[in-house]
Amino acid sequence: MNRIRFALTAAALAASVTAAQAQQPPLKVGLMLPATGTFAALGDAIEKGFKLHVQEQGGKLAGREIQYFKVDDESDPSKATDNVNKLIKRDGVDVIVGTVHSGVALAMARAAKESNTLLIVPNAGADAITGPQCAPNIFRSSFSNWQPGYATGVIAAGKGYKRAMTITWNYAAGTETVKGFTEAFEKGGGKVVKDLSLPFPNVEFQALLTEIAAQKPDVVFAFFAGGGAVKFVKDYDGAGLRKTVPLMGSGFLTDGTLEAQGAAAQGLITSLHYGDNIETPRNTAFRNKYAVAYKANPDVYAMQGYDAAQMLAAGLTAVKGDFKQRDALIAAMKKAQIDSPRGKFTLSPQHNPTQDFYIREVKGNYNVVTGVAVKALPDPGRGCRM
Ligand code: PHB
């Protein structure tokens with residue numbers, strides 16, 4: 001009798017929890033990503049990755065329907081504060097997911113901190129976001145700019161190169177990635193003899209390529225991404241430099257770009273926290289599902305979007321979808337181990353992924369992993385007080 005009553009009470013309780021969950025309104029997710037400009041394809045891949053994970057969970061996270069609000073940030077820092085406030089103030093979103101461009105993301109992080117809105121950065125590497133601008137409500141599913149730069153510097157020094165030149169866009173992602181490269185390359189016995197740059201998102205590379213040809217360094221390190229990376233790799237090859245001065249870069253140089261770069265990219269060596277042929281059941285399943293859903297291969301950006309959703313899901317699940325339990329939700333996100341297609345990762349105390357950086361070589365349309373440059377590389381998190 002007692003046992004029956006207990007069973008009935010438990011069933012009633014379970015039914016009421018489910019009913020409470022069902023009554024919760026949809027969780028409002030603001031996607032602030034580039035839909036136009038040189039990073040448009042990157043924003044598209046992030047959104048597809050995020051939505052793929054939500055779809056896998058039946059269109060809900062921890063029982064909550066998801067309602068999307070979208071803003072095209074155009075990768076334009078001068079419009080970033082206005083754009084992010086459309087999501088925070090006009091739409092009243094619970095969570096913001098964005099963005100690609102470091103300069104835009106820095107403004108988003110400021111607005112998120114001021115309004116205490118949960119922010120998950122699915123790409124932009126601006127070091128300050130998990131450094132001096134860190135905050136309990138700001139997380140990253142991607143990398144800090146320092147990380148892939150540093151890992152590529154380890155590879156370049158390991159190859160015995162002594163004199164390097166660097167080339168990039170003159171904004172946070174470029175300068176910070178170059179800084180990471182220089183730190184590791186010079187620690188490994190090399191010397192960066194010259195840094196070249198041009199304003200974002202310019203692609204008039206000829207004068208700078210002429211300078212590289214004149215200086216003949218042992219290696220060139222480049223940070224470019226998206227449409228700019230396509231043009232740079234083709235121009236480097238077109239100038240006849242690929243055969244005489246090896247070109248290396250953080251893996252964004254060749255990720256999501258290979259079909260457009262074609263022969264010009266073959267053999268390039270880069271480092272990144274993802275590669276196309278990571279042969280784990282987790283990555284294979286991700287790639288297959290992505291290909292079925294979107295008729296395209298996923299890239300690093302798709303993977304980072306997917307993991308932003310996984311991080312949000314980890315927090316929401318811990319509070320059974322009750323977003324008002326913010327402290328418990330954030331505590332769960334902080335200590336989650338994310339089962340990512342890249343390999344499992346955890347977050348540093350500053351909320352940046354501590355992850356392996358692979359050595360990758362371009363073969364055909366794939367960035368093929370040939371080894372690991374640095375295992376479980378944490379961002380130093382310099383300047384973060386939390
Ligand atoms: C950035 O601005 O932080 C950024 C943009 C594109 C990338 C990587 C980093 O591929």
I need the minimum non-hydrogen distance between [X] and [Y], along with the two atoms involved.
X	Y	result
Gly43	Leu33	O-CD1, 3.6 Å
Leu106	Ala128	CD2-CB, 3.9 Å
Ile88	Ser115	CD1-OG, 3.7 Å
Asp299	Gly256	OD2-CA, 3.5 Å
Tyr290	Gly49	CE1-N, 4.0 Å
Ala124	Ser142	O-OG, 4.2 Å

Indicate yes or no: at least one non-hydrogen side-chain atom of [X] is less than 4.5 angstrom from one of [Y].
X	Y	value
Met333	Ile120	yes
Leu347	Thr354	no
Gln350	Ile138	no
Ile338	Met311	yes
Phe323	Leu27	yes
Asn283	Met303	no
Val220	Ile167	yes
Leu258	Val362	yes

Any side-chain donor near an acceptor of the partner, [X] and [Y], under 3.5 Å:
X	Y	result
Thr175	Asn170	no
Ser340	Arg342	yes
Gln304	Asn123	yes
Glu56	Tyr306	yes
Thr182	Glu186	no
Asn367	Glu361	no

Can you get from [X] to [Y] by hopping between Ile, Leu, Val, Met, Phe, Trp and Tyr side chains that sit under 4.5 Å apart?
X	Y	result
Leu268	Ile359	no
Leu87	Leu312	no
Phe286	Ile46	yes
Phe39	Leu272	yes
Met108	Val29	no

What do the steps show when you test Lys79 against Asp73 for side-chain contact (heavy atoms from CB on, under 4.5 Å), and what is the final call? CA-CA 7 Å; Lys79 298 181 184 164; Asp73 68 41; over 6 Å; no

Taking the side chain from [X] and the backbone from [Y], do they hold a donor-acceptor pair closer than 3.5 Å?
X	Y	result
Asn137	Ala112	yes
Asp307	Gln310	no
Asp72	Ala35	yes
Thr99	Met32	yes
Tyr294	Lys48	yes
Arg282	Gly343	no
Arg360	Tyr274	yes
Asp91	Phe69	no
Arg163	Val219	no
Arg64	Pro25	yes

Where do Leu61 and Ile66 land on the side-chain contact (heavy atoms from CB on, under 4.5 Å) test, with the steps shown first? CA-CA 7 Å; Leu61 294 182; Ile66 304 294; 4.0 Å; yes

Trace of the side-chain contact (heavy atoms from CB on, under 4.5 Å) decision for Phe223 with Glu176: CA-CA 10 Å; Phe223 167 83; Glu176 291 172 357; over 6 Å; no

Might you work through the side-chain hydrogen bond (donor to acceptor under 3.5 Å, both in side chains) test for Glu47 and Tyr301, ending with a clear yes or no? CA-CA 9 Å; Glu47 179 173 344; Tyr301 308 103; over 6 Å; no

Report the C-alpha distance between Asp237 and Gln261 in whole Å, list the side-chain angles of each, state the deciding distance to 0.1 Å, and finish with yes or no for side-chain hydrogen bond (donor to acceptor under 3.5 Å, both in side chains). CA-CA 10 Å; Asp237 184 47; Gln261 287 164 336; over 6 Å; no

Might you work through the side-chain contact (heavy atoms from CB on, under 4.5 Å) test for Phe232 and Leu247, ending with a clear yes or no? CA-CA 11 Å; Phe232 179 75; Leu247 173 62; 3.9 Å; yes

If you take the centroid of each ring, where Trp contributes its six-membered ring, are [Y] and [X] closer together than 6.0 Å?
X	Y	value
Phe224	Phe205	yes
His101	Phe200	yes
Phe181	Tyr150	no
Phe143	Phe252	yes

How would you list, by chain and number, every residue that makes a side chain to side chain contact (heavy atoms under 4.5 Å, CB included) with [X], sequence neighbours excluded?
X	answer
Ala328	Val319, Gln325
Ala40	none
Thr317	Ala62
Ser271	Ala151, Thr152, Ile155, Phe357, Ala373

Should the heavy atoms of other residues, nucleotides or ligands under 6.0 Å from CD of Gln67 be counted, would the total exceed 12?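 Yes.
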
Enclosure of Lys113 NZ (heavy-atom neighbours >12, cutoff 6.0 Å):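 Buried by this count: over 12 neighbours within 6.0 Å.
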
Pairs meeting criterion salt bridge (Lys or Arg N to Asp or Glu O under 4.0 Å) with involvement of residues 204-223, two or more places apart: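 Listed by first then second residue: Lys194-Glu211.
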
Assess whether a salt bridge exists between [X] and [Y], defined as any Lys/Arg side-chain N lying under 4.0 Å from an Asp/Glu carboxylate O.
X	Y	answer
Lys375	Asp356	yes
Lys86	Asp82	no
Lys324	Asp322	yes

Non-neighbouring partners of Asp127 that pass side-chain hydrogen bond (donor to acceptor under 3.5 Å, both in side chains), sequence neighbours left out: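 Not a single residue meets the side-chain hydrogen bond (donor to acceptor under 3.5 Å, both in side chains) criterion with Asp127.
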
